[in-house]
Amino acid sequence: MKYRSPVYDIIAVPIEKVRPNDYNPNKVPPPEMKLLYESIKEDGYTMPVVCYYSKSQDVYLIVDGFHRYQVMMDHPDIYEREQGLLPVSIIKKPLDKRIASTVRHNRARGSHDVDLMSNIVKELHELGRSDAWISKHLGMDRDEVLRLKQITGLASLFKDVNFGEAWRPVEEETEKG
């Protein structure tokens with residue numbers, strides 16, 4: 001029999017039949033959870049939650065995607081829009097292999113490269129997007145946007161930034177004193 005990846009058989013599962021596992025070490029900080037909510041709100045569910053189906057309990061145990069599940073549980077607007085259905089792909093593995101799958105999924109996500117992120121901020125700025133827009137849509141605070149703009153070293157990125165008088169030249173201070 002030819003192998004078929006689970007992603008080709010996504011099903012809509014009532015969220016009440018989905019259960020978190022009790023071994024996932026992955027934690028998502030509040031700013032990233034807010035961004036995940038915004039992503040699901042704006043784009044919908046673009047990735048299924050990976051589950052194991054327990055026939056004896058008639059429940060779907062999460063292997064990967066707990067935070068996508070949590071968004072629907074915590075946000076009535078998402079629950080209502082999705083009619084309480086969560087997109088799920090099923091893997092058929094024993095517990096030890098499911099635990100390994102969870103860790104692989106978590107670790108495979110990687111992290112963002114600072115230079116690439118600064119180029120994205122630069123490009124959005126050049127497309128006319130404000131710091132506030134970038135901050136909101138990329139889930140960054142204003143300081144992070146500013147730091148990423150600094151990395152590119154382009155003065156044009158700072159034309160809208162108001163700088164305070166953090167220091168004065170020594171000569172200026174002595175002349176007034």
Side-chain angles (χ1 to χ4, degrees), residues 5-114 116-118 120-121 123-125 127 129-149:
S5 291
V7 74
Y8 296 111
D9 299 310
I10 307 302
I11 60 173
V13 174
I15 198 163
E16 293 78 16
K17 293 182 89 173
V18 178
R19 302 284 183 277
N21 65 53
D22 58 3
Y23 55 81
N24 189 355
N26 190 25
K27 303 292 181 230
V28 174
E32 282 76 11
M33 278 303 293
K34 183 178 178 193
L35 183 60
L36 179 60
Y37 165 71
E38 289 296 328
S39 175
I40 291 170
K41 182 178 173 183
E42 291 293 322
D43 303 324
Y45 279 92
T46 59
M47 301 274 296
V49 174
V50 180
C51 292
Y52 168 80
Y53 178 65
S54 172
K55 192 172 188 172
S56 64
Q57 298 174 349
D58 191 29
V59 296
Y60 296 81
L61 301 170
I62 297 173
V63 173
D64 180 66
F66 169 76
H67 298 98
R68 284 168 284 185
Y69 157 86
Q70 195 65 50
V71 166
M72 187 180 289
M73 293 297 288
D74 291 348
H75 297 278
D77 59 326
I78 301 298
Y79 182 93
E80 289 171 23
R81 183 190 72 196
E82 300 294 326
Q83 300 172 21
L85 299 173
L86 195 63
V88 168
S89 66
I90 309 282
I91 61 171
K92 299 172 185 172
K93 294 183 176 189
L95 180 59
D96 61 337
K97 291 190 177 181
R98 293 195 313 263
I99 290 171
S101 292
T102 297
V103 172
R104 280 194 303 271
H105 277 87
N106 289 345
R107 297 194 69 190
R109 288 198 209 335
S111 60
H112 287 143
D113 179 277
V114 172
L116 294 175
M117 285 303 297
S118 63
I120 288 170
V121 168
E123 186 171 343
L124 289 171
H125 179 80
L127 289 170
R129 297 300 181 201
S130 68
D131 286 2
W133 189 96
I134 294 169
S135 179
K136 177 182 178 191
H137 290 276
L138 298 188
M140 300 175 181
D141 62 36
R142 295 232 183 182
D143 287 340
E144 186 176 5
V145 172
L146 180 61
R147 285 191 303 275
L148 289 171
K149 287 168 83 174

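- For the pair L86 and M72, the minimum side-chain heavy-atom distance is below 4.5 Å.
- Minimum heavy-atom separation, V50 to H105: CG2-NE2, 4.1 Å.
- The distance from the NZ atom of K97 to the NZ atom of K92 is 15.0 Å, given to the nearest 0.5 Å.
- Annotation: the span from E38 atom CD to K136 atom NZ amounts to 6.0 Å, rounded to 0.5 Å.
- Side-chain contact check for I91 versus S101: some heavy-atom pair is nearer than 4.5 Å.
- Proximity of I62 to Y52: side-chain heavy atoms (C-beta onward) are nowhere separated by under 4.5 Å.
- Note that the CE atom of M47 and the OG atom of S89 stand 8.5 Å from one another [nearest 0.5 Å].
- Interatomic distance, K149 NZ to D131 CG, rounded to the nearest 0.5 Å: 3.5 Å.
- When the shell of 6.0 Å around CD of Q83 is examined, it contains 12 or fewer heavy atoms from other residues, nucleotides or ligands.
- At a threshold of 4.5 Å between non-hydrogen side-chain atoms, the residues Y60 and I90 count as touching.
- Residue pairs meeting the ring-ring contact (aromatic ring centres under 6.0 Å, His included) criterion with at least one partner in residues 21-48, sequence neighbours excluded, are Y37-H75.
- At distances below 3.5 Å, not a single donor-acceptor pair connects side-chain atoms of H125 with backbone N or O atoms of V121.
- Atom-to-atom distance recorded for I134:CD1 and R142:CZ is 10.0 Å, nearest 0.5 angstrom.
- Rounded to the nearest 0.5 angstrom, D74 CG and H67 NE2 are separated by 10.5 Å.
- Contact check for M73 versus I78: no side-chain heavy atoms found under the 4.5 Å cut-off.
- Counting only distance, with no hydrogens or angles, the side chain of T102 and the backbone of V63 share a donor-acceptor pair below 3.5 Å.
- Counting heavy-atom neighbours within 6.0 Å of E123 CD, excluding the residue itself, gives a total of 12 or less.
- At most 12 heavy atoms of other shown residues, nucleotides or ligands fall within 6.0 angstrom of atom NZ in K34.
- Side-chain contact between L85 and P14: present, with at least one pair of heavy atoms (C-beta onward) separated by less than 4.5 Å.
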Evaluate the criterion side-chain contact (heavy atoms from CB on, under 4.5 Å) for residue pair Y53 and D58; output intermediate values, then yes/no. CA-CA 7 Å; Y53 178 65; D58 191 29; 2.5 Å; yes

Would R98 and L61 count as a side-chain contact (heavy atoms from CB on, under 4.5 Å) here? Give the steps. CA-CA 10 Å; R98 293 195 313 263; L61 301 170; 4.3 Å; yes

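- Nearest heavy-atom pair across R68 and L36 is N-CD2, 3.8 Å.
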Quick one: do Q70 and M33 satisfy side-chain contact (heavy atoms from CB on, under 4.5 Å)? Show the steps, please. CA-CA 9 Å; Q70 195 65 50; M33 278 303 293; 4.3 Å; yes

